[in-house]
Amino acid sequence: MLWVPAFAGTSGPTNLRMINKIVQTMAEAMAGIRDGAVVLVGGFGSIGQPNALIDGLIEHGAKGLTIVSNNAGVGRIGLARLLELGRVRKIICSYPRSVDPVVFEELYRAGKIELEIVPQGTLAERLRAAGAGIPAFFTATAVGTKLAARKEQREIGGRHYLLEEALAGDVALIEAWEADRWGNLTYRSSARNFNPVMAMAATLTIAQAQHIVDLGALDPEKIATPGIHVSRVLHVPYGEPIVT
Amino acid sequence: MLWVPAFAGTSGPTNLRMINKIVQTMAEAMAGIRDGAVVLVGGFGSIGQPNALIDGLIEHGAKGLTIVSNNAGVGRIGLARLLELGRVRKIICSYPRSVDPVVFEELYRAGKIELEIVPQGTLAERLRAAGAGIPAFFTATAVGTKLAARKEQREIGGRHYLLEEALAGDVALIEAWEADRWGNLTYRSSARNFNPVMAMAATLTIAQAQHIVDLGALDPEKIATPGIHVSRVLHVPYGEPIVT
Amino acid sequence: MNETAAKVVAKCRPMTRAEMAARVARDIPEGWYVNLGIGAPLQVADYVPAEREVIFHSENGVLGMGPAPAPEAINRWLINAGKQYVTLRKGGAYMHHADSFGVIRGGHLDLCVLGAFQVAENGDIANWSISDNDSAPAVGGAMDLAVGVRQVWVLMEHQTKSGESRLTRRCTYPLTALGVVKRVYTNLAVLDVTLDGFAVRDMVEGLTLEALQSVTGAPLHAQVH
Amino acid sequence: MNETAAKVVAKCRPMTRAEMAARVARDIPEGWYVNLGIGAPLQVADYVPAEREVIFHSENGVLGMGPAPAPEAINRWLINAGKQYVTLRKGGAYMHHADSFGVIRGGHLDLCVLGAFQVAENGDIANWSISDNDSAPAVGGAMDLAVGVRQVWVLMEHQTKSGESRLTRRCTYPLTALGVVKRVYTNLAVLDVTLDGFAVRDMVEGLTLEALQSVTGAPLHAQVH
């Protein structure tokens, strides 16, 4: 779905068959997400986290999901709500703890959710590897720890490393600052975090953006995610995030 | 050598012990490059190629070098001149051909230079891996070709891959557009190419920059190489490059 | 080659380089992300109408490449992989070499059009070196493009200057990649690479399957439409 | 613990968290690139004088992090790894998570200051989980930082609340990394991790080596200066 007909009212289309990744409704944004999908969710804590899209995914109803995200949600909203509704089979993250990880901890203790803990840098690199066509790589992170269990170990140049595999998503949910109709994205300050690597690691990448700008308005030296890594963009001008 | 005393006349220092990576002379820029060093040279053809620093390296006199560069020089100037002077033991590149690769071809036919041909994407990734602390990775590039000779091959998920090792430099020579005293760099258009990955892959990274700007003048969203990857900056306002 | 076939080939007019490029351009769907190999494939961009949005990528970190600039408007820092001056379209972006080859190897491009010395009926391609004793072999980004991009089309003359077929049962030149070519555009025909080998999709006017077969080094099948 | 040693320990005043952070800050050379682990180490930044250029990195893609903002000047998109609002100094830059951990794992940072549950005399560190049956283990970036950064210092209380030494012969908690700790700052002392084990670099006023040994779970050596 790289090409969709342009909608009237978006940034000045003159050619009705031009590339336009901007969708007008949440239903369009979520279309095609299947039960059992691996869903990459951007953000570090609540900053850069695509909250509107997570709510859209809840509404959409897909279940049996594997969620890949640095954190496992806070309180009973957003990601935590998705978990609470029993939609998530497994979570792959580096840091499920939070100020209020109540939902995750309940499910985990009850054995109702599978947890794969991945060191944060290894998580980022496994996602980047998936996006860059690298099926596996070696890293020194976690050598000699219990997270090395069942992983292939190898000595290279006198140092020990673990083999880690690429982690690809069926879907990525991304939060951006600005977007254009080709799907080019910028981020704001530390809200960049996992978003660019997740955008490139998924088959279907859906971004929510605070600002939709005309094609050509973004500085080509400053685009952090080129549109080739983005399938759909939804305009969600929600204002300021709240740290949770 | 992360920290050097500030020089009078650079962008408004008030603290004499602040970080200042800007050097005033080519001799300072080249200080410490040893015989036998692995030298990464940025650029794709002549665009983004640090010509002044290459001339500085010729002047400096280090020999027995291994040069890592996408190309092997044109005519009898710059990189080709370095080769012609017999300073280069080995070249690692993807594309030694050019409109006028006379020096390289003479040396290569005479058996006076060792050549390691690396596919361009594998070259970029091996450099990036060195910079990112990844000692080795798998790639499908070159499987089944003569460039796969003596490389470990492995099937992952039903596809064949080769194991490639990180390629680190002792020195990197970089061409940038703008630089500040912390070593933050921007590039111009396609002159970015290999420069950011080489900057992060070397122990001593030396950049020539067309413009020196005050600290804080570069947009933090647009810095393509953060200063942590840069050791020294030399102001070389040479104007427009010429495609060769 | 039997005489009738030879006469048929001799009588038909092979496509020019420009016609071949135009034919490839015609077949690229709107909205595709496309990399054009250095040499003849670079011309393909000139034949995609400006109002049709095909996004061209260049290995040296340019996504959204536009046509050659007017002489007075050259940006001397903006070249393509063939080291020619190009422009950037609105919506274009720059990236470094590792990110650029991440785009390639990661399977994000829909199409790559490559030149080649030989293509085999199993999709093998040889396009970087004509001998194991090459005086200075140069691979560039060909191997990365060939294995990484979703679909590889080849644009090449049907025969060498000495009359040998560039379409073969097996490549004899050093390989670039195994089994990746999906379609071949030559000056005589357009052929798909199928599980059964080469299937003829189109031929220049006046050519017959038999005549094309007579100048082709691998069995041809008629395309089933 | 013999009685004399116990009395000496009881009489001396351990450093406060703030004093420990200030002591670490004092020892960071100007110009170093430094990552501060979440928890107590984050405080270290507050004690580096503003005119001294130490460049702080945060895992979530911030290089050149400055102090907490004034309440009216908060950028709500700019947090540190501990999810507190911070600022960006002039010369700072943002990067994505893979690039940020490339900085960490690639050995580009001079120093990382981590909190810990235990440090062993061989430099092993345990700082992410206190049991193999942790109800919800959370590792974050600790393992990447511990193996990637050129030098790891640990900032922690000398003993647990129940009086057990956090400096040990071997870690009993799940390990974060093997043999990486170079120095430990506790509320009682500063110790280097050497090939011979812990070497005391400094102690709080009134403390003796014998007294410190009495509350430490691994042999101590006097520092050779």
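In what follows, chains are A, B, ... by sequence order, proteins preceding strands, each numbered from 1. Fair warning: this is a prediction, and the values are worked out from it, not measured in the lab.
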Exercise for review: For C:Leu178, look at atom CG and say whether over 12 heavy atoms of other residues, nucleotides or ligands are found less than 6.0 Å away.
Suggested key: yes
Check your understanding: Taking C:Pro29, C:Gly64, C:Ala93 one by one, which has the highest count of heavy-atom pairs under 4.5 Å against chain A?
Key -> C:Ala93
Exercise for review: Under 4.5 Å, heavy atom to heavy atom: which of residues 29-40 of chain A reach chain C? Give them by number, or say none.
Suggested key: none
Check your understanding: If you round to the nearest 0.5 Å, how far is CD1 of A:Ile223 from CG of C:Leu63?
Key -> 8.5 Å
Exercise for review: Work out which heavy atom in A:Ile228 is nearest to a heavy atom in C:His108; give both atom names and the distance.
Suggested key: CD1-O, 3.4 Å
Study note, to complete from the structure: Ordered numerically, the heavy-atom neighbours of chain C under 4.5 Å found in residues 184-193 of chain A are A:Asn184
Check your understanding: Can you tell me how far the CD atom of C:Glu30 sits from the CD1 atom of A:Ile19, to the nearest 0.5 Å?
Key -> 7.0 Å
Study note, to complete from the structure: Rounded to the nearest 0.5 angstrom, the CG-CZ distance for C:Asp99 and A:Arg128 is 6.5 Å
Point to revise | Distance, nearest 0.5 Å, that separates NE2 of A:His229 from OH of C:Tyr33 | key: 9.5 Å
Exercise for review: May I ask you to name which of C:Gly107, C:Gly91, C:Gly102 has the most heavy-atom pairs under 4.5 Å with chain A?
Suggested key: C:Gly91
Check your understanding: Just how far is it from atom CE of A:Met18 to atom CD of C:Glu51, taken to the nearest 0.5 Å?
Key -> 13.5 Å
Check your understanding: So which heavy atom on C:Lys90 is nearest to which on A:Leu215, and how close?
Key -> O-CD2, 3.5 Å
Review point. A:Gly216, A:Ala129, A:Ala217: which one forms the most heavy-atom pairs within less than 4.5 Å of chain C?
Key: A:Gly216
Point to revise | Minimum-distance pair of heavy atoms, taken over all atoms of C:Met95 and A:Pro226 | key: CE-CG, 3.9 Å
**Study point:** Contact class of C:Ile104 relative to chain A, heavy atoms under 4.5 angstrom
**Key:** neither
Review point. Roughly how far apart are C:Glu53 CD and A:Asn20 CG, rounded to 0.5 Å?
Key: 9.0 Å
Point to revise | Heavy-atom pair of closest approach, residues A:Pro220 and C:Gly92 | key: CB-O, 3.3 Å
Check your understanding: CD of A:Glu165: more than 12 outside heavy atoms within 6.0 angstrom?
Key -> no
